[in-house]
Each structure stands twice: as C-alpha cells, then as structure tokens.
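Here's the structure we're looking at; comments come further down.
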There are 2 protein chains.
Amino acid sequence: MTAAANQSGRRPTTSRRLERAGIRDVAAAAGVSITTVSDALNGKGRLPDETRSRVREVAERLGYRPSAAARTLRTGRSGLIGLTVTTYGEEPFTFTEFAYFAEMARAATSAALGRGYALVVLPASSRHDVWGNIALDGTVVIDPPDQDPLVSELYRSGVPVVSDGKPGNCPVTAWVDNDHEAAVLGILDHLSEAGARRIGLLTGTSTDTYTRLSTEAYLGWCAKVGQEPVYETYPAHDPAAGAVAADRLLARPDRPDAVYGLFDPNGTDLLAAARRYGLRVPEDLLLVCCSESDVYATTEPPITTLSLKPRKIGTTVVNLLIDAIEGVDSGTGVDIARLFPPRFRTAGTGPPPGTLMPTELIVRASSQRRSPRTTVSPPRPPGEV
Amino acid sequence: MTAAANQSGRRPTTSRRLERAGIRDVAAAAGVSITTVSDALNGKGRLPDETRSRVREVAERLGYRPSAAARTLRTGRSGLIGLTVTTYGEEPFTFTEFAYFAEMARAATSAALGRGYALVVLPASSRHDVWGNIALDGTVVIDPPDQDPLVSELYRSGVPVVSDGKPGNCPVTAWVDNDHEAAVLGILDHLSEAGARRIGLLTGTSTDTYTRLSTEAYLGWCAKVGQEPVYETYPAHDPAAGAVAADRLLARPDRPDAVYGLFDPNGTDLLAAARRYGLRVPEDLLLVCCSESDVYATTEPPITTLSLKPRKIGTTVVNLLIDAIEGVDSGTGVDIARLFPPRFRTAGTGPPPGTLMPTELIVRASSQRRSPRTTVSPPRPPGEV
DNA sequence: AGCCTTCGGAGATACGTTTCTCCAAGAGTG
DNA sequence: CACTCTTGGAGAAACGTATCTCCGAAGGCT
C-alpha cells in the first residue's frame with residue numbers, strides 16, 4: 001500500500017497494490033489538497049509559482065499520469081475525433097486504397113494532432129458495436145451517402161459532424177468539397193483547346209456526389225457545345241471493371257479523340273487500351289484522369305491529372321470540425337456551440353455551411369498535341385562520377 | 001427536466017436541461033434499479049427474459065447510449081489501441097506514404113475492429129501532449145528504434161506493446177517481423193540461378209532492423225560465395241536520393257549484373273537508371289526490389305518484387321496485442337496477464353516472444369533471363385465487342 | 001415445520017478527475 | 001478599530017457506469 005493512500009484515509013480495508021499513482025497520492029505526498037494539485041498541473045486557479053512547481057515536481061517523481069478516462073468523464077471532452085470512410089464492396093475499408101484517401105487521412109491526422117486531438121479510424125457501418133463504445137468529440141465523414149443513418153444518429157446525439165464531400169440529405173455541421181463542376185469544365189476546355197473534337201468520359205455507376213456532379217457537368221457541357229455525349233460507366237470499386245470499361249470506350253464506333261477518366265486507375269487503363277488499339281497518345285488520343293498518384297509523371301507518355309488536393313481538404317475538414325467542437329466561430333471567439341447546441345443550429349438556418357476548394361490540373365504530355373519540352377538528362381557512360 | 005431525473009431524486013436544485021438520457025433515467029422509466037438496467041443491457045446477472053427485453057425496449061425508446069467515458073473509467077478498458085509509426089524527416093508521419101504502411105495499417109484497423117477495438121493513429125514523438133490524454137488499452141508500434149523512450153514509458157506504465165519489426169533494446173510484450181535474412185538469401189539464390197554473376201544491393205543508411213538485417217544477410221552471402229560486395233546506401237526517406245543512389249550503383253566500374261533494391265521506389269529508379277546507361281532488363285541487368293506496389297506488374301518490363309505481406313503482419317500484430325490485453329494465452333484461456341502483469345513478465349523470462357512471418361517473392365520478367373511467356377491479348381479492332 | 005437453495009433484484013461504493021463554493025488569514029483603508 | 005479585498009487553498013459534489021454485497025421471497029427437501 002502506498003503511504004499516500006494510507007494517509008489519505010480512503011481505502012482502510014482494501015490495499016491498493018501496485019496501481020498507478022493517482023491525484024490523491026500526489027496531493028498527499030506534496031502536503032496539499034487535490035484541488036491544488038489539479039490547479040497546479042493544469043495551470044488554473046491562483047497559486048504562487050512556488051507551490052505550482054513543487055506540486056509538479058512531486059507529480060513527476062511519483063510518475064503521476066492523469067487518467068484520461070476520468071478527465072473525459074468529468075469534462076465531457078475526449079480529444080478523440082472519428083474518421084469514417086464509406087465502404088465499397090466486401091472490404092471493410094477502402095481506407096488507403098486510393099491515394100486520395102491515404103493523403104487526405106494523413107493530412108487530417110496531422111492537423112488533428114497539431115491541435116491536440118487524435119484520430120480514430122472507424123467503419124461506416126453502424127452495426128459495428130465499436131461506435132457506441134468510444135467517446136468521440138466529433139466525426140469526419142468521407143463521402144457520406146444520401147440519408148446516411150450513421151450521420152443522422154451522430155448528429156442527433158449532438159456530436160459535430162463534418163463531411164468531406166457535399167452531403168446529400170443528411171444533416172451535418174459543415175462540409176467541404178471540391179468544385180467538381182468547375183474542375184470538369186476546366187478539363188473539357190483544356191482538351192478542346194488542345195484540339196479535341198469529341199471528348200469522352202469514363203465514369204462510375206455509383207450515386208455519390210463526386211460521380212454525380214462530375215457526370216452532370218460533362219453532360220451539361222456537351223449540351224452547351226453541341227457534342228453528343230460519349231461515355232462509359234462502371235462500378236468504381238472494381239479495378240478489373242475499369243479496364244474493361246476503358247476498352248469499351250475506345251471500342252465504340254464513335255470513338256472519342258480525348259478522354260477524361262474520373263478515377264485514379266483510369267489513366268493506366270486507358271493507356272493500355274489505347275496501346276491495344278494502336279492509338280498514340282497524345283497524337284490520336286488526348287488523356288486526362290483524376291488522380292493523386294505520381295506514377296502518372298513517369299508513364300509513357302506522362303499523363304495529365306486532376307488533383308483534388310486531398311491534403312488541403314483533410315486539413316480544412318479537421319479544422320472546421322475542431323472549431324465546431326470548441327465552439328469557435330472562425331476567430332471571433334464567440335461561443336456559438338454553447339448558445340446553440342448542434343441539434344438546434346440548423347433549425348431554420350438553411351443548409352449547413354459548405355466550403356468549395358479549388359482543384360489543380362497538372363498538365364503533362366498526354367493532353368497536349370504539341371508535347372512540351374521535357375528535360376532528360378543525357379546518358380552518362382559508366383565510371384563517370 | 002426529465003421526469004425520470006425528477007423521480008430519481010438526484011438533482012433537486014439544478015435542472016438537467018436537454019442532456020442525453022443516462023442509465024438512471026432508463027431505470028426510473030422502466031421501474032427498476034440501475035443494477036438491473038446495467039445487467040439487462042450487458043447480458044450479465046440473472047434476469048428473466050421478460051425484464052431484460054422490457055428494459056432494452058425502454059432504453060431504446062429513450063435513445064439511451066451508455067457513456068463510453070464512464071464505462072472506461074469503471075472497467076479500465078477503453079477499447080482503443082494506439083498505432084504508432086516512427087517518423088522520418090520533417091513530416092509528422094510516413095503513415096500511408098509507402099504502400100507497406102498503408103496496407104499494414106488497413107489490415108490492423110480491420111483486425112482490431114473485428115475484435116471490437118478501434119485504432120488511434122498517434123505520432124511516435126512523445127512530446128505530443130496527446131499521448132497522455134488518451135486511455136489506451138495497448139499500442140502497436142511500427143519499427144521502433146533502439147531505446148525508444150516512448151515504448152519504454154508505455155511498457156513501464158503497464159500498457160501492452162506489440163511491435164512490427166523486431167525491437168532493438170526496448171521491452172515489448174511481443175513482436176512480429178519478417179524473416180529478412182531468409183528473404184534476402186532467397187532472392188540472392190534466385191538471381192544466381194537466373195545467371196547473375198555479380199549481385200549488387202541498394203540499401204539504406206538508417207539503422208532500423210530491416211535495413212540492418214537485410215544488409216548483413218547480403219554481406220554474409222557475399223562472404224560465403226566469395227563475391228565482392230557491391231552496394232550503395234542512401235537515406236531511405238529521401239526519394240530523390242534513391243534515384244541518385246541507383247545511378248551511382250550502375251555507374252560503378254564494377255557494375256553489377258543484378259541488383260536487389262531494399263525500398264519500394266528502387267524498382268522504378270533502377271529501371272530508369274538502366275535505361276540511361278542503355279542496359280536492357282533483364283538481358284543486361286536482373287532486377288528485384290522490395291515493394292507492395294502493384295505498379296511493378298505493369299512496368300516495362302514487369303519487375304520481380306518481394307512482398308513482406310503487410311496484411312498478414314498487421315493482422316497478427318493486432319491479434320497478439322489484443323490477446324495480451326485480454327490476458328488470453330493463445331487459446332489456453334489462462335489469464336496470464338492477471339497473474340503476471342506486464343512489468344513483471346520479462347523478469348527472467350528472457351526476450352519477449354517474437355514471431356517470424358514468411359515473405360513472398362513475386363517473380364516477374366525482370367529477374368529471368370528467359371523471360372516467361374506473357375499473356376497479351378491481341379489488339380482488337382474498334383467496333384468489335 | 002424448519003432449513004437450504006435459487007431467483008430476482010435493490011443499495012451502495014468506487015473509478016479519478018475537474019470545478020464550484022466557500023473559508024481563513026493577512027493586507028490595505030476609512 | 002471595523003471593514004473590505006485579495007491571496008492561497010480546502011471540501012465536496014458531480015461525471016455515469018459496473019459490480020460487489022446483500023436481502024426478501026418462493027419453492028424444494030427432509
């Protein structure tokens with residue numbers, strides 16, 4: 001039994017054996033009250049520096065580590081943020097499957113840590129019992145489907161939710177998304193300027209916002225410029241289906257002379273399909289795809305890609321969420337959250353605040369008829385340093 | 001004020017406004033005691049099914065969600081597992097930077113979730129205050145450096161730690177690693193059989209276990225077969241340095257006719273370097289590199305890779321950790337953890353239990369002089385389905 | 001009839017903090 | 001001297017759950 005526990009007069013019968021030192025032990029050892037210890041360690045209250053440092057030293061000596069669980073219970077803050085990615089197909093996660101998710105998650109983790117929060121990776125399926133078992137201060141949801149029951153449940157129970165991807169019909173505290181329409185229009189214009197006469201699209205069958213908005217933008221553009229739409233769809237989560245769809249697109253009688261692929265692997269798939277049909281890129285076929293992968297910088301030829309800037313998105317999403325958690329209204333310091341708890345905030349205030357982030361088109365040889373000058377270091381003979 | 005809170009007689013003065021329903025509210029609404037509610041919901045105690053279902057129904061109706069914080073405080077279990085990856089260079093994480101980490105993390109997340117735990121991504125630097133703020137049941141550490149203070153601290157405070165990568169000098173509950181020596185020897189034999197006369201190595205400057213063991217295995221093999229070692233080292237976290245080192249290796253007067261690269265990007269780097277020197281792969285240069293990326297299946301030519309099977313590793317690590325947390329001794333059901341808390345378990349019992357996992361060599365064209373028959377679908381004319 | 005066992009459940013305590021309230025002693029002030 | 005104000009700190013009440021202990025009642029057995 002600890003001497004401190006003895007003095008504190010708490011457990012007279014049960015002897016706490018080798019447990020970690022608690023705040024009581026520190027208080028007893030330093031000859032002060034628990035209040036003083038708490039204040040000293042947390043920098044609150046009014047204490048002379050001498051007491052503060054003495055308490056800190058005693059705590060250090062005893063190896064005192066405050067119990068996160070107790071603190072969470074008392075303060076209602078866990079410092080934990082959920083990160084949820086919608087699941088496609090059998091696998092529980094597409095997490096880190098595509099470069100976009102991986103980079104976004106990394107940026108989000110980093111941003112959260114920078115503000116003292118940690119990220120918990122959670123499945124989108126609410127049946128996993130783990131959801132109820134974790135005290136979350138808020139949640140980031142990537143690409144929530146319409147009417148997501150999980151998001152509704154979270155929001156209803158007062159947990160702030162910020163989504164990456166404009167939510168369909170579920171209530172969120174805030175959302176961040178790319179300006180997909182502008183991105184697609186920009187690409188179509190870019191291809192037109194490069195000489196494309198008939199631009200095709202490789203798109204997905206699912207109904208998520210990204211796919212929907214991008215496809216609509218394409219169709220709208222076609223209607224405006226008077227081009228017959230030329231597109232193929234496939235289930236985006238199935239890599240094999242992508243190659244087949246790429247092949248299908250180039251096999252059409254009205255074969256396009258330029259293609260934009262909405263998903264990461266489309267670039268290599270389209271390149272392979274073009275090769276099979278003996279089409280030269282960019283001479284016979286202009287190519288652009290949406291990807292965060294840098295392999296497209298070294299393909300033959302390098303492929304123009306659209307970056308959704310996942311790092312920026314991840315950072316923004318997390319910062320928005322933490323702002324909501326801490327009740328900061330973008331720097332005004334007004335404690336909005338306390339005045340209007342989340343469950344009431346949208347009542348009558350219209351749609352939740354959304355932020356549109358710009359994308360970046362990384363132009364490479366595949367989308368330029370006149371291929372840009374590439375810097376190639378000349379081969380050096382062996383032996384030369 | 002809730003009627004239940006009124007009846008319970010607890011807070012007579014302060015009115016709890018719109019807070020979530022607690023276990024007391026459920027008890028009051030169901031006309032039973034708190035004990036009964038807890039037992040009914042957790043499937044403990046001895047209760048008739050009628051009471052159990054009635055309580056469950058009331059809880060459901062009230063939207064009762066047990067407080068994770070309170071449960072954690074009471075039971076000492078949070079259901080949270082830390083996932084730490086050592087940081088190289090400036091970036092806070094290499095998390096998901098390499099395919100190995102990404103896949104390993106995904107498998108670990110999945111395995112944890114399957115057993116009712118969630119993963120928290122944490123930085124390896126202990127100065128981040130977030131470490132002390134989270135109740136962790138255990139931690140997975142990827143590739144801990146020798147004498148890692150963080151691991152020591154965790155282990156000392158009784159938190160089980162399982163590492164991916166054989167730990168140098170820090171005490172862990174268990175560890176999992178590949179049999180790097182066997183893997184390297186296997187590759188060297190494979191290259192020899194393919195006709196290699198002088199095998200080179202592209203390796204790293206850092207002292208982590210993987211780099212060290214692999215390099216030592218190479219040197220040992222060289223000594224055994226009487227080949228002069230031919231290798232170049234570079235800081236593995238610097239992508240640009242890899243290309244330079246690859247170039248250096250092929251520029252040597254004693255240029256190797258086969259190379260094994262220890263890191264993921266080495267394949268493309270070596271391929272590019274070979275091209276610069278006019279070396280044909282595999283005719284003039286045999287190539288193997290360690291990578292989880294499937295881009296090497298489609299390079300020109302496809303490159304033979306060594307897979308460390310990160311999914312298997314991630315799953316094993318997590319299961320080992322949870323076994324330790326729950327005190328399960330690999331199925332015997334003996335509660336070892338309770339009998340011997342972690343801090344005493346290594347006293348005299350020698351090194352912590354380690355598991356060596358096999359690797360997999362994925363043989364492709366780059367390491368075979370007689371290139372294997374490749375199945376290439378002949379180009380189909382457009383219009384044909 | 002008396003005793004033992006099982007059933008169904010209530011009471012109370014502990015988990016380890018944070019924080020609200022309050023108090024004693026000294027210091028300044030009229 | 002009587003008073004207020006400030007300083008430094010103590011006491012105790014939560015936070016919401018799990019669980020240990022105990023108890024009455026009903027039935028079974030000798």
Side-chain angles (χ1 to χ4, degrees), chain A residues 2 4-5 8-16 19-28 30-55 59 62 64-79 132-135, chain B residues 2 4-5 8-16 19-28 30-55 59 62 64-79 132-135:
Chain A
T2 318
S8 77
R10 288 287 295 241
R11 312 176 195 72
T13 57
T14 61
S15 69
R16 54 168 2 188
E19 321 248 336
R20 280 169 37 191
I23 198 175
R24 277 191 306 272
D25 303 310
V26 178
V32 294
S33 74
I34 358 181
T35 308
T36 305
V37 175
S38 179
D39 284 349
L41 270 66
N42 296 336
K44 306 207 162 174
R46 309 162 305 183
L47 295 176
D49 287 347
E50 191 274 330
T51 306
R52 222 174 268 278
S53 56
R54 183 163 48 89
V55 170
L62 294 182
Y64 168 68
R65 293 279 174 274
S67 149
R71 171 174 296 165
T72 299
L73 177 59
R74 178 63 231 237
T75 62
R77 290 273 170 80
S78 66
N133 242 337
I134 299 180
Chain B
T2 318
S8 76
R10 289 287 296 241
R11 311 176 196 73
T13 56
T14 61
S15 70
R16 57 172 356 192
E19 320 249 336
R20 279 170 38 191
I23 198 175
R24 277 190 306 272
D25 303 309
V26 178
V32 294
S33 73
I34 306 185
T35 309
T36 305
V37 175
S38 178
D39 284 349
L41 294 177
N42 296 335
K44 306 208 162 172
R46 309 161 306 182
L47 296 176
D49 287 346
E50 190 273 330
T51 305
R52 221 175 270 277
S53 56
R54 183 165 47 89
V55 170
L62 266 49
Y64 168 67
R65 294 279 175 273
S67 149
R71 171 175 295 165
T72 299
L73 177 59
R74 178 64 230 238
T75 63
R77 290 274 169 78
S78 65
N133 242 336
I134 299 179

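The sequence lines fix the lettering, A, B, ..., with proteins before strands; numbering per chain opens at 1. Small disclaimer: the values here were computed from a predicted structure and weren't measured.
For the pair B:E50 CD and C:dG8 P, the computed distance is 11 Å after rounding to whole Å. Rounded to whole angstrom, the span from the CZ atom of A:R20 across to the P atom of C:dG16 amounts to 9 Å. A:I34 places its CD1 atom 14 Å from the C1' atom of C:dC20, with the value rounded to the nearest Å. Taking atom CZ on A:R24 and atom P on D:dA12, their separation rounds to 14 Å, with Å as the unit. Rounded to an integer number of Å, the gap from CZ of B:R74 to P of C:dA14 is 10 Å. Distance B:R77 CZ to D:dT17 C1': 16 Å, rounded to the nearest Å. Atom CZ in B:R52 sits roughly 13 Å away from atom P in C:dC7 (whole-Å rounding). Summarising the geometry, the separation between CZ on B:R54 and C1' on C:dG9 is reported as 11 Å, rounded to the nearest angstrom.
Here the CG-CZ distance, from A:L73 to B:R74, works out to 12.5 Å after rounding to the nearest 0.5 Å. A distance of 10.0 Å separates CZ in A:R52 from OG1 in A:T36, rounded to the nearest 0.5 Å.
Taking only side-chain nitrogens and oxygens, A:S33 never comes nearer than 4.0 Å to OP1 or OP2 of D:dG11. Contact check, B:R46 against C:dG8: no side-chain N or O comes under 4.0 Å of OP1 or OP2. A close approach under 4.0 Å does not occur between any side-chain nitrogen or oxygen of B:T75 and OP1 or OP2 of C:dC15. At the phosphate of D:dA10, OP1 or OP2 sits under 4.0 Å from a side-chain N or O atom of A:T36.
Note on B:T51: only backbone sugar-phosphate atoms sit closer than 4.0 angstrom, heavy atoms only; bases stay farther off. Residue A:R65 is in sugar-phosphate contact alone, with no base atom involved, counting any heavy-atom pair closer than 4.0 Å across all strands shown.
Of the candidate nucleotides C:dG9, C:dT17, D:dT19, D:dT19 has the atom lying nearest to any side-chain atom of B:K44. The side chain of A:R71 has C:dT17 as its nearest neighbour among C:dT17, D:dT19, C:dT19. Closest to the side chain of A:L47, from the set C:dG8, C:dT18, D:dG8, is D:dG8. Side-chain atoms of A:V32 lie closest to D:dA10 of the nucleotides C:dC15, D:dA10, C:dT19. Considering only the side chain of A:P48, D:dG9 comes nearest among D:dG9, D:dT17, C:dT17.
When the nearest nucleotides of DNA chain C are assigned to B:L73 and A:N42 by heavy-atom distance, the more 5′-ward of the two goes with B:L73.
No side-chain heavy atom of A:T72 sits under 4.5 Å from any side-chain heavy atom of B:T72.
B:R71 places no side-chain N or O within 3.5 Å of a backbone atom of A:N133 that could act as its donor or acceptor partner.
Residues B:V37 and B:V55 approach most closely at CA-CG1, 3.9 Å, considering heavy atoms.
For the 3.5 Å distance criterion, the side chains of B:T35 and B:S38 fail to qualify, holding no donor opposite an acceptor.
B:T35 contributes a side-chain N or O that forms a donor-acceptor pair with the base of D:dT19 under 3.5 Å.
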